[in-house]
Amino acid sequence: MGFKIGNHRITGMDAFLIIVFIFWVLITYQIFWADTGDSKSQSQANTNGKTEIVFWHAMGGPLGEAMDKLINEYNNDPNSKCYVKTINMGGYDTLQKKLLASLIADEAPDVAQCFETLTKKFIKHEKIVCIDDLINADIEKAKSENKPIEDIRNDIIPALRINNTFAGKLYSFPFNKSVQVLYYNKDMFKEVGLDPEKPPRTFNELRAYCQTIVDYYKSKGIEGKYGYGCAKSNNWSFLNRIKANKGYIVKRDNDGILKCGFNEKAAIDSLSFLQDMLKDGLAKEGQAFDHQNEFIAGKCGIIESSVTSKIYMNPDFRMGMAPVPGIEDETLPGGVYRSTILSGTNICIFKNVDSKKIEGAWDFIKWFTNTENGVKWSIGTTYMPVRVSSVNSGLMKAEMQKDPNLNAIYGYLDNLAFEPRITAWFEIRDLIADYLERCTLEHKDPKSYCAEMQKDIDGMLKHVTDTDDNKELGNVDM
């Protein structure tokens, strides 16, 4: 079977391979080149003679609008050193695929949002500029010109600086960082007899508050109301609870092997808490943002979600925000130990033969994250400011006084953490999600899931060759 093209006979297998090759080309195009267009030649007419830099990002909706507003301000500033052309990749997954493809095709953007694990790959392959080197060059230039010396490393919130430091050097700059917070319905609290100005501080209080909400509506014969809502298979919430229970995620044992803490008391308690809440009818899980929708509809009294969810929620009731709960610790001010894991990306500058592009990209990052613009970014998105000077600025304090809910963002500044920066971590996260789903569907003993989880993940960690060299936050003990 087959057909001829000229003097060549094409068999069925040949045709199949040709079709596979065509599909491969199309998929490769979609992963890397689609949506980028001639990104390095577009908008030249708008640059006013400035060097153009291409910025790949994944910011959409109100968050993207807030970013675009700031970038337009930068592009229209006569003192800016470049013109920033943004290209939205539509989501973090697509962005990461295209950045990985850029390693092979040597077609990286000038600037991009990046997760820590990917940053490590770019460092290994010498694809990004070391931010430390740029800061040191600024300092030397200021010295030579007898100008005031500013080391902006000292102005980055310590946990964020540590998060962007690899092998002792700052390679990326914090960009859009968020934490989880509690959202609660103040009007519902008042109705059921809870103090609207006193959200739950501990896991025990959270359970008690949810019990009060459920009991109240049950006594009134009102159905469809419950205490606590969350997303199904939520890795972030589970890992946050482990840290808040003073547990660890991954550490190195005495033999030099990485191991996880998913079968330790902190993890078992974290899983048991959610399972018991669901089993006792105090909580409900939903897909994606179902819990936020039910909260807005007044069906649910308390939810945990990213601080950026505030931008998307505008309920008819009075909404309160607070740091997520912790555990009792009488040795601490307020008697509660809290911790949360950072989420969000950083920004990297890619190596380019044109030094003006690197200079322009660095100028843009410094401008975007400076004291004043850091406050604008935080107010417009509720992302954390990345600089201490932004947190302490009069403008930020005035905004927090106007909207006390913003104080919830800053309830953890002394005890922030981040996920392990090892190449296997994304795969491990998927595995954790599978176990979380099984736990809430099957309702077996949490200890059994935690034991299985540890066995599977430790098996994966045995083969991890790279390390997270950051010891300071205790996420990976070297």
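One is the number of the first residue; the rest follow in order along the sequence.
When atom types are taken as modelled, the side chain of T202 and the backbone of I327 share no donor-acceptor pair closer than 3.5 angstrom. In terms of modelled atom types and a separation under 3.5 Å, the side chain of K177 and the main chain of G344 share a donor-acceptor contact. The backbone N or O of D445 sits less than 3.5 Å from a side-chain atom of S448, completing a donor-acceptor pair. Checking side-chain atoms of T340 against main-chain N and O of N240 turns up no donor-acceptor pair under 3.5 Å. Between the side chain of S378 and the backbone N or O of G374 there is no donor-acceptor pair closer than 3.5 Å. A distance-only check finds a donor-acceptor pair linking the side chain of K225 to the backbone of G298 [under 3.5 Å]. Within the 3.5 Å criterion, the main-chain N or O of V307 finds a donor-acceptor partner in the side chain of Y183. For W377 (side chain) and N176 (main-chain N/O), no donor-acceptor pair under 3.5 Å exists by modelled atom type. Of the possible donor and acceptor atoms, none in the side chain of K98 sits under 3.5 Å from a partner among the backbone N and O of M89. Side-chain atoms of S272 do not come within 3.5 Å of backbone N or O of D269 as any donor-acceptor pair.
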For a side-chain contact (heavy atoms from CB on, under 4.5 Å) check, start with the C-alpha distance between V129 and W362, then their side-chain angles and the critical distance, and finish with the verdict.
CA-CA 10 Å; V129 177; W362 180 226; over 6 Å; no
Could you go step by step and tell me if Y216 and F189 meet the ring-ring contact (aromatic ring centres under 6.0 Å, His included) rule?
CA-CA 11 Å; Y216 174 85; F189 271 37; over 10 Å; no
Evaluate L461 against I257 for side-chain contact (heavy atoms from CB on, under 4.5 Å), listing each step before the verdict.
CA-CA 8 Å; L461 290 172; I257 304 296; 6.0 Å; no
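Of all non-hydrogen atoms in P200 and P325, the two that sit nearest each other are O-CG, 4.4 Å. Residues A58 and Q113 approach most closely at N-OE1, 2.8 Å, considering heavy atoms. The heavy-atom pair separating D77 from S80 by the smallest distance is O-OG, 2.8 Å. Contact between I149 and A142 at its shortest, heavy atoms only, is CG1-CB, 4.1 Å. A pairwise comparison of heavy atoms in Y312 and G60 identifies OH-O, 3.9 Å as the closest pair. Smallest separation of non-hydrogen atoms from Q275 and P446: OE1-CG, 2.9 Å.
Between K141 and D138, none of the side-chain N atoms (NZ, or NE/NH1/NH2) sits under 4.0 Å from a carboxylate O, so this pair counts as no salt bridge. Between K455 and E452, none of the side-chain N atoms (NZ, or NE/NH1/NH2) sits under 4.0 Å from a carboxylate O, so this pair counts as no salt bridge. Contact check on K284 versus D290 returns no salt bridge, with no Lys/Arg side-chain nitrogen under 4.0 Å from an Asp/Glu carboxylate oxygen. Classification of E372 and K376 as a salt-bridged pair holds, one side-chain N sitting under 4.0 Å from a carboxylate O. With respect to E328 and R201, no salt bridge is recorded, no charged nitrogen being found less than 4.0 Å from a carboxylate O. A salt bridge is defined here as a Lys NZ or Arg NE, NH1 or NH2 lying under 4.0 Å from an Asp or Glu carboxylate O, and D434 with R438 fails to meet this definition. Electrostatic pairing of K259 and D458 does not count as a salt bridge here, judged by no charged N lying under 4.0 Å from a carboxylate O.
No hydrogens or angles considered: nothing links the side chains of N263 and K447 as a donor-acceptor pair under 3.5 Å. N373 and R387 form no side-chain donor-acceptor contact under 3.5 Å, judged by distance and modelled atom types alone. N164 and N346 share a donor-acceptor pair across their side chains, judged by distance under 3.5 Å alone. Under the 3.5 Å distance criterion, with hydrogens and angles disregarded, a donor-acceptor pair is assigned to the side chains of E442 and Y449. In this structure, a donor-acceptor pair under 3.5 Å is present between the side chains of W425 and E419.
By the 4.5 Å heavy-atom criterion applied to side chains, Y435 and D456 are counted as neighbours. Two residues are said to be in side-chain contact when any heavy atoms from C-beta on lie closer than 4.5 Å; M384 and L416 meet this criterion. Within the 4.5 Å cutoff, side-chain heavy atoms of I432 are placed close to those of M453. The shortest distance between side-chain heavy atoms of N136 and R153 falls below 4.5 Å. Counting only heavy atoms from C-beta outward, the side chains of L395 and T371 never approach each other to under 4.5 Å. Side chains of Y217 and K299 form no contact here, defined as non-hydrogen atoms less than 4.5 Å apart. Counting only heavy atoms from C-beta outward, the side chains of N185 and I302 never approach each other to under 4.5 Å. Residues L99 and L95 are in side-chain contact: their nearest non-hydrogen atoms beyond the backbone lie under 4.5 Å apart.
The neighbour count for K121 NZ, taken as heavy atoms of other residues, nucleotides or ligands under 6.0 Å away, does not exceed 12. Within 6.0 Å of the NZ atom in K246, the count of heavy atoms belonging to other residues, nucleotides or ligands exceeds 12.
Cation-pi check for R241 over F273 is not met; the charged atom does not lie both under 6.0 angstrom from the ring centroid and within 45 degrees of its normal.
The aromatic rings of F364 and Y74 stand perpendicular to each other, their planes meeting at an angle above 60°, with 30° marking the opposite boundary. Aromatic ring pairs are classed by plane angle as parallel below 30°, tilted from 30° to 60° and perpendicular above 60°; the pair H291 and F289 is parallel.
In summary, the aromatic rings of F418 and F115 are positioned with their centroids too far apart to meet the 6.0 Å limit. The distance between the ring centers of Y171 and F122 does not fall below 6.0 angstrom.
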